[in-house]
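Here is the structure we will look at, set down as structure tokens.
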Amino acid sequence: MAEKILMKGNEAIGEAAICAGCRYYFGYPITPQSELIAYMAKKLLKMKDASFVQAESELAAINMVYGAASTGVRVMTSSSSPGISLMQEGISYIACSEVPCVVVNMMRGGPGLGDIQPAQGDYFQATKGGGHGDYHLIVLAPSSVQELVDLTMDAFDLADKYRNPAMILGDGLLGQMMEAVEFKERPKVDLPSKESWTLVGCKGRKPHWIVPFNLNPSVLEKMNLVINEKYKKLKEHEVRYESINIENADLIIVAYGTVARIVKTVIQKAKKEGINIGLIRPITLFPFPEKIISKTAERIKKFLVVEMSLGQMIEDVKLAVNGKAEVNFYGRCGGIIPTPIEILKELNKYL
Amino acid sequence: MAKIIIDQERCKGCELCIPACPKHIIIMSENFNKKGYYPAEQINPEECTGCAFCALTCPDVAIEVYK
Amino acid sequence: MKKVFGRPESLTETPFTYCPGCHHGIAHRLVAEVLDEFGVRENTIGVCPVGCSVFAYLFFNCDMICAAHGRAPAIATGIKRSKPDSIVFTYQGDGDLASIGTAEIVHAANRGENITVIFINNAIYGMTGGQMAPTTLVGQVTQTSPYGRDPKTMGYPIKMAEMLSTLKSATYISRVALNKPSNIIKAKKSIKKAFQIQLEGKGFSMVEILSTCPTNWGLSPIEASKWLEENMIPYYPLGEFRTPEEVA
Ligand SMILES: Cc1ncc(C[n+]2csc(CCOP(=O)(O)OP(=O)(O)O)c2C)c(N)n1
Ligand code: SF4
Ligand code: SF4
Ligand code: SF4
Ligand SMILES: [Mg+2]
């Protein structure tokens, strides 16, 4: 059994990826994820049957990922907000081609060059597609270093299982945070064979094509529908969330990632004041845990969504609540992390 | 002894093989093919040397050469 | 009698979708012949671009992937890095390689990626209906240079082969043309050399191929080949700009 070691979030992602069998990494430096690219360089450049390339841009990096993924290997890239924007073209191609890969976004303040402090302003981009066309990523939102590790490993499995790009959506704070982590031995999961589609040379078979287009609208529509079936399956089988105290809370907070950590402190503080707060923390942002939110909204009539943005996930919460409860919002942005006291003050308004 | 076979259906009638032939024995047909192109055809086949210049030049790989 | 010239095995039976007389077809055949001659078809992965040759996956009888516009060298990098024993080539137009994909080609060459790049310079954007390419000649009329390319505001045509040959890690760089049999024979030799270099693990190779686009040049295929000879070759000299010997 693995022992606990103290690790920085960004490096923990790197080690988790390697544990998951990822030997190929292509990326471009950007704060606040630079420790991750450095970690991959340090490890992969010394490994056999492995490759690390510092690409000329994020555009190139994601296309290197596309190329490597098409040969069937486990491959990852990472960046932070502006770099992820540059990757959107490639991600759309990868989703259309149905090749699996893992993309890490340690979000920072935006828009534009923004700043280098933690933020959650890329929720829309991550969960709604991000690039052009009808597609989604599998989006996982860790809220501790241990979860960065576990979800990174899960991301590779999910990507392979659904032949779809998966994203780890963290933020600068999680990446910089030091926590004790454990690289647990994982039960072996049955994953589909990649043999039927990978590009490895056509010896003894017909050539394989990876073609992210079709000029015939009815064929392209069918391609879209096939991909859409995967999203339905994801919604059915892969939704994950954490819930705390949602049975008879006075108010439910919905928050993910770093903000959810802070909300846990808020719950303790509120308890001392005699206020009963519940938390629903989506772990998968796509597929979004709409059922639990919808069910909870039948009993509890007050919701507060807290984000490090000006209100993005709230749209999904409102869709899930569907008018059954009142949904309020509190957010900070630009790299400001909301404090427990602020949030406490805010939720008092609604009680 | 040499001969060429021009695949009349692959030919797009681009005429590039005509100046390529040092023996000037390729001309354009007067009948069009299924795609509506007037394909190339050979005249005076006994003069063909099998140099394959016509085939080398053909963008549609419509010419086979035998020797 | 024996067949001395026919369809290479590395081409599928699918008829090309290119316009009559378009040199893309000749370039395809030459690449396929080289793959046949090295016996590497079953170990080859090709990357097609966005441009008229976006359909190249239908024509090359090997594993193929379609890149986003300009990104083929990055994709080829990912493939070659994860499958170093395979033969990897990109096939790119001049809009693809010399405009939107300049960063990708320069850095693939600069890293000395062990891939082969087939670069079709037809001085125009073929697929989108004849707009100016970075390689469009001075004075050449296109949809987006309707009064002729004016170097004052549009710059001079980019010489990619020369530019890339300044990079120390580019092992083999040449420019060839397909306007007549003698040049086609030379082009084939050069393409063969480029793949040979990859097979020997010697690094980056690129063959720039001067080609016609009769449709968007508004010329017959024969006139287009002549125009290429009279206008393109004087500006884009043929030859080898970088050979393995120089690399030491
Ligand atoms: C990102 C992006 N921008 C623009 C286009 C539109 N487009 C398709 S092909 C092309 C030009 C291709 O020209 P070239 O690379 O010279 O190839 P050719 O057709 O001449 O062989 C353009 C601009 C696109 N598909 N993607
Ligand atoms: S093989 Fe040579 S001589 Fe014969 S038709 Fe072709 S070009 Fe002419
Ligand atoms: S070069 Fe080929 S396609 Fe063109 S006319 Fe001759 S046979 Fe036909
Ligand atoms: S448009 Fe030009 S480049 Fe494209 S197939 Fe036609 S002739 Fe060739
Ligand atoms: Mg072009």
Side-chain angles (χ1 to χ4, degrees), chain B, chain C residues 1-33 36 52-53 59-61 120 122 177-189 209 211-215 219-226 228-229:
Chain B
M1 261 283 274
K3 79 165 185 188
I4 64 164
I5 297 174
I6 301 176
D7 184 332
Q8 300 288 301
E9 294 312 319
R10 279 192 191 276
C11 175
K12 290 184 187 150
C14 75
E15 305 187 6
L16 285 180
C17 50
I18 293 178
C21 175
K23 294 285 170 190
H24 311 291
I25 52 173
I26 301 179
I27 58 160
M28 300 316 289
S29 164
E30 280 171 13
N31 306 308
F32 49 82
N33 66 12
K34 283 193 195 117
K35 289 201 198 98
Y37 295 120
Y38 292 93
E41 60 185 30
Q42 199 189 32
I43 47 164
N44 308 333
E46 64 290 347
E47 285 183 42
C48 177
T49 61
C51 69
F53 283 6
C54 54
L56 271 177
T57 315
C58 176
D60 284 282
V61 206
I63 306 179
E64 284 181 346
V65 185
Y66 294 82
K67 236 173 157 169
Chain C
M1 274 195 282
K2 229 180 74 198
K3 197 198 271 188
V4 293
F5 194 105
R7 199 173 184 79
E9 200 192 347
S10 294
L11 285 181
T12 62
E13 287 298 320
T14 311
F16 296 146
T17 41
Y18 304 111
C19 307
C22 171
H23 285 183
H24 268 305
I26 308 177
H28 279 33
R29 194 195 70 233
L30 297 181
V31 171
E33 286 174 359
D36 277 12
C52 284
S53 45
F59 311 132
F60 285 109
N61 194 10
I120 305 295
N122 58 8
L178 303 176
N179 59 313
K180 56 185 181 192
S182 56
N183 279 344
I184 294 171
I185 291 166
K186 284 188 204 145
K188 162 95 174 275
K189 278 199 186 119
I209 303 180
S211 316
T212 59
C213 173
T215 302
L219 299 173
S220 76
I222 291 176
E223 287 166 347
S225 285
K226 206 164 148 237
L228 186 154
E229 171 131 30

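Letters A, B, ... mirror the listed sequences (proteins, then strands); counts begin at 1.
- Nearest heavy atom pair, residue C/Gly6 against residue C/Lys3, reads CA-CD, 4.1 Å.
- B/Pro59 places a side-chain heavy atom less than 4.5 Å from the side chain of B/Leu16.
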Show the atom names and distances, to 0.1 Å, of all donor-acceptor pairs under 3.5 Å that link a side chain in residues 15-25 of chain C to residues at least two apart or in another chain.
unit_1: C/Tyr18; atom_1: OH; unit_2: C/His28; atom_2: NE2; d: 2.8
unit_1: C/His23; atom_1: ND1; unit_2: C/Thr212; atom_2: N; d: 3.3
unit_1: C/His23; atom_1: NE2; unit_2: C/Thr212; atom_2: OG1; d: 3.4
unit_1: C/His23; atom_1: NE2; unit_2: C/Ser225; atom_2: OG; d: 3.4
unit_1: C/His24; atom_1: ND1; unit_2: C/Tyr91; atom_2: OH; d: 2.9

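- With a threshold of 4.5 angstrom between heavy atoms, C/Ile184 approaches chain B through side-chain atoms but not through N, CA, C or O.
- Residues of residues 23-32 of chain B never come within less than 4.5 angstrom of chain C, heavy atom to heavy atom.
- Residue B/Cys54 does not touch chain C at all, counting heavy-atom pairs closer than 4.5 Å.
- Of all heavy-atom pairs between C/Cys213 and C/Asn122, the closest is CB-ND2, 4.0 Å.
- In terms of non-hydrogen atom pairs under 4.5 Å with chain B, the most contact-rich of C/Pro221, C/Ala224, C/Pro8 is C/Pro221.
- Remark: the backbone N or O of B/Cys11 is paired with a side-chain donor or acceptor of B/Asn33 at under 3.5 angstrom.
- Among residue pairs with one or both ends in residues 5-21 of chain C, those qualifying as salt bridge (Lys or Arg N to Asp or Glu O under 4.0 Å) are B/Arg10-C/Glu13, C/Glu9-C/Arg41; sequence neighbours excluded.
- Contacts between C/Ile185 and chain B at a heavy-atom distance below 4.5 Å involve the side chain alone, from C-beta outward.
- Contact of C/Leu178 with chain B is not made at all, since no heavy-atom distance falls under 4.5 Å.
- Between the side chain of C/Arg29 and the main chain of C/Leu11, no donor-acceptor pair closer than 3.5 Å is present.
- For chain C, no part of B/Ile18 is nearby; none of its heavy atoms comes within less than 4.5 Å.
- Within the cation-pi definition used here (under 6.0 Å to the ring centroid, within 45° of the axis), B/Lys3 qualifies as a partner of B/Tyr66.
- Using a 4.5 Å cut-off between heavy atoms, B/Ala62 does not touch chain C at all.
- Annotation: side chain of B/Cys17 is in contact with side chain of B/Ile63 (closest heavy-atom distance under 4.5 Å).
- Both the backbone and the side chain of C/Lys2 come within contact range of chain B, with heavy atoms under 4.5 Å apart.
- The salt bridge (Lys or Arg N to Asp or Glu O under 4.0 Å) test applied to C/Asp36 returns no partner, not counting sequence neighbours.
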